[in-house]
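Input: a single structure, listed below in structure tokens.
Each ligand, and each atom within it, is numbered from 1 in the order the structure gives. This is a predicted model, so every value here is computed, not measured.
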Amino acid sequence: MVAETSELIEFRRAFVWLLCGMLLPSVALVAFGVVAVANERAAVERRLAEEYDARLHSVAQDLGLRLDRAADAVAAGRADPLIALVQPLEAPPLELAEAARRAATLPIGGHVFATVEIGNERRAYALVRSVASGNELTVLSQYDLQAVADQVAHLAELRFPRERAAFRLAPPREPVAALAALRRIVAEAGQTSTVVARMPLGPPLEGFALTAELPGDPAAPLAFRNRTLYIALLVLLYVGIGAGFGLTLREMRRAYKLSRLKTDFVANISHELRTPLTSVRLFAETLREGRAEGPEEVHECVTLLSAEADRLSRMVEKLLDWSRLESGREQLELERTDVPVLLDRIGEAYKAQQLPASYQTEIEAQLPAVEVDRDAMAQVVLNLLTNAVKYTGEDKRIRVRARRSGRNVAIEVEDNGPGVRPHDRKRIFDRFYRGDDLLSRGTEGTGLGLAIAKKIVELHGGRIELDSRLGEGSIFRVILPAV
Ligand code: ADP
């Protein structure tokens, strides 16, 4: 009892450790997963922005070079499609005064960029140092913003021919009024592309930005895919943890049950051994003290003494058998055997047991032979027969039947005993398990007979089955492969 309680405590402690060890990290993991799922869209947008920033950078560089080239064309007196207007800068307006000063310091052919905001309109200029009729002067050339915008698309096409995104020159953001914001939201709802990256430009396009736009909402499917993946992984993780938990729990429960069975077994076996030992001592004492009266009583005492000694040795034999089987030391000597020969061997072993009942044998004609270790198989059937005798009442009707069962041979032991209760039917084949109804409690036993039988049959590649009806009897069936 004490051992049982301490084992239970051990079991519970192990379980609590298991819970802590698995639950805490898994809760943390789930929290992490939930945050990841929630942030997925932002993460995808960030990734896209990073990816397109690099491309925008290249396009901006190309655009800068192209604007320089246009200014150089003006310096050389050539026309350039990006330049809308060229005029000498004589009296620079206030906004251009600083740029004009800087341009004046440049050598011929040099230029300075400037952006000017006039009214609501932004203009882009290049102030180019040039020579006209022998005089050095600064020429004000105004960029055609529409042509520059077209140029952006063209440059991007040249650099990234297979790119899905559209690169655009975005005008300066207008100041956002309350109503304008609303209007923009409405407009965005129906919009068919999304700006994934934006890069502000320097002079002469100050205030303008280069943007990369992808059709539709590119983050949505990606975010959805990743989110689904996360959720699937989480579910998988939990299913795994759940399965692991279940399996561990089952194993622990098994180990716990087995240890309880063992404790029971030790108690049982001590009890079982004590009974015949007490009798042996009692009869021996009776004989020693000369308390037996007459030769008849002496004879009776000796007979009982020998029966009790037999009982003891049977129990010890069973224990030894089991330990041999458990340790894998049992070596089977398989021989091709005809079923009647096997049944004869069983009959001899049965007779030696001197059990208080006999049994009938039925053998189907022309049974195929089986490959068995005769002694081991005789022991299997003997165990079944001993049980049949042990667990039936006064009127014992026991039958051993050998018949064909598909491609196999079945040897059945049938009795008219009390039958086995449904919830015991699987468990009686477990080691140390004894049915706890009164009948098995009142009989000698170790709970090993059927476990030994099952193990031996399985070593032969066969199986053992039970058909049982409560109150009517049981049929234990050994099924062996035929040769
Ligand atoms: P033991 O007979 O030593 O208890 P066994 O392993 O041979 O151990 O049997 C296990 C249990 O199966 C028995 O305790 C009993 O409850 C049940 N049992 C075995 N054979 C029969 C039978 N022929 N009829 C009813 N119950 C049986």
Side-chain angles (χ1 to χ4, degrees), residues 257-258 260-276 308 310-326 346 349-350 353 355-361 376-401 410-459 463-478:
K257 241 201 260 166
L258 185 65
R260 254 186 52 184
L261 277 177
K262 277 187 178 153
T263 321
D264 275 1
F265 169 72
V266 172
N268 275 353
I269 203 75
S270 326
H271 176 77
E272 296 291 341
L273 289 173
R274 208 166 46 208
T275 324
E308 290 301 312
D310 277 353
R311 204 169 128 194
L312 265 176
S313 83
R314 268 202 306 276
M315 274 185 201
V316 173
E317 276 308 315
K318 260 215 184 115
L319 282 173
L320 291 177
D321 283 347
W322 176 255
S323 96
R324 248 201 326 273
L325 276 171
E326 268 288 76
I346 293 165
Y350 185 80
Q353 297 281 311
L355 292 169
S358 57
Y359 64 87
Q360 285 182 358
T361 313
M377 199 44 69
Q379 192 195 349
V380 168
V381 181
L382 192 64
N383 281 358
L384 300 180
L385 279 168
T386 326
N387 281 349
V389 175
K390 241 182 356 186
Y391 296 111
T392 43
E394 287 292 297
D395 171 31
K396 298 179 195 295
R397 268 173 282 145
I398 303 167
R399 254 175 239 277
V400 172
R401 202 176 293 120
I411 299 174
E412 297 176 345
V413 176
E414 183 179 350
D415 65 44
N416 60 335
V420 180
R421 290 177 303 175
H423 77 274
D424 274 345
R425 280 181 198 160
K426 265 228 166 72
R427 298 161 74 192
I428 55 174
F429 293 98
D430 288 349
R431 52 203 159 162
F432 311 133
Y433 186 83
R434 303 202 69 206
D436 49 11
D437 46 324
L438 286 176
L439 201 68
S440 34
R441 284 288 167 231
T443 51
E444 81 169 58
T446 52
L448 284 175
L450 289 178
I452 291 174
K454 180 169 180 233
K455 196 132 193 170
I456 293 178
V457 172
E458 283 173 354
L459 285 176
R463 61 180 194 279
I464 193 162
E465 295 175 350
L466 164 65
D467 277 349
S468 186
R469 259 188 250 161
L470 273 187
E472 289 183 28
S474 316
I475 301 176
F476 284 88
R477 186 175 304 117
V478 173

[X] heavy atoms, cut-off 4.0 Å: which ligand 1 atoms fall inside?
X    : value
G447 : 1 (P), 3 (O), 4 (O), 6 (O), 8 (O)
L448 : 6 (O), 8 (O)
F476 : 20 (N), 21 (C), 22 (C), 23 (N)
S474 : 24 (N)
K390 : 1 (P), 2 (O), 3 (O)

Atom of K396, atom of A357 and distance for their closest heavy-atom approach:
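Closest approach of K396 to A357: CD-CB, 3.6 Å.
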Worksheet item: Of all heavy-atom pairs between Y391 and P418, which one has the smallest distance, and what is that distance?
Response: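 Closest approach of Y391 to P418, heavy atoms only: O-CD, 2.8 Å.
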Exercise for review: Could you pull out all residues at least two apart from I428 that satisfy side chain to side chain contact (heavy atoms under 4.5 Å, CB included)?
Suggested key: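 Per chain and number, I428 pairs via side chain to side chain contact (heavy atoms under 4.5 Å, CB included) with V420, D424, Y433, L450, L466, F476.
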Would you say [X] and ligand 1 have an N/O pair spaced under 3.5 Å apart?
X    : result
A451 : no
G419 : no
Y391 : yes

>> Determine whether a donor-acceptor pair (N or O, by modelled atom type, separation under 3.5 Å) exists between the side chain of R314 and the backbone of Q353.
In response: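 No: the side chain of R314 does not pair with the backbone of Q353.
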With no hydrogens and no angle check, is any side-chain donor or acceptor of N416 less than 3.5 Å from a backbone partner on G473?
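The answer is no, because no donor-acceptor pair under 3.5 Å joins these two groups.
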In this structure, does ligand 1 have an atom that sits under 4.0 Å from one of the heavy atoms of [X]?
X    : value
K318 : no
F429 : no
G417 : no

- Can you tell which of T386, N387, D415, I398 gets a heavy atom nearest to atom 23 (N) of ligand 1?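 Selected option, by shortest heavy-atom distance: D415.
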*For side chain to side chain contact (heavy atoms under 4.5 Å, CB included), just list the numbers for V400 and Y350, CA-CA rounded to whole Å, side-chain angles, deciding distance to a tenth of an Å, and then say yes or no.*
CA-CA 12 Å; V400 172; Y350 185 80; over 6 Å; no
Member of K454, K426, R477 meeting the salt bridge (Lys or Arg N to Asp or Glu O under 4.0 Å) criterion with E465
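By the salt bridge (Lys or Arg N to Asp or Glu O under 4.0 Å) criterion, E465 pairs with just one of K454, K426, R477: R477.
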Classify the contact between V420 and ligand 1 as side chain, backbone, both or neither, using a heavy-atom distance cut-off of under 4.0 Å.
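It is the side chain that gets close, since no backbone atom is under 4.0 Å.
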Problem set entry | Intermediate values then yes/no, side chain to side chain contact (heavy atoms under 4.5 Å, CB included), K455 and R431 | CA-CA 10 Å; K455 196 132 193 170; R431 52 203 159 162; over 6 Å; no
- Task: Inspect the contact between R324 and D321 and indicate whether a charged nitrogen and a carboxylate oxygen are less than 4.0 angstrom apart.
- Result: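 Yes, charged N to carboxylate O under 4.0 Å.
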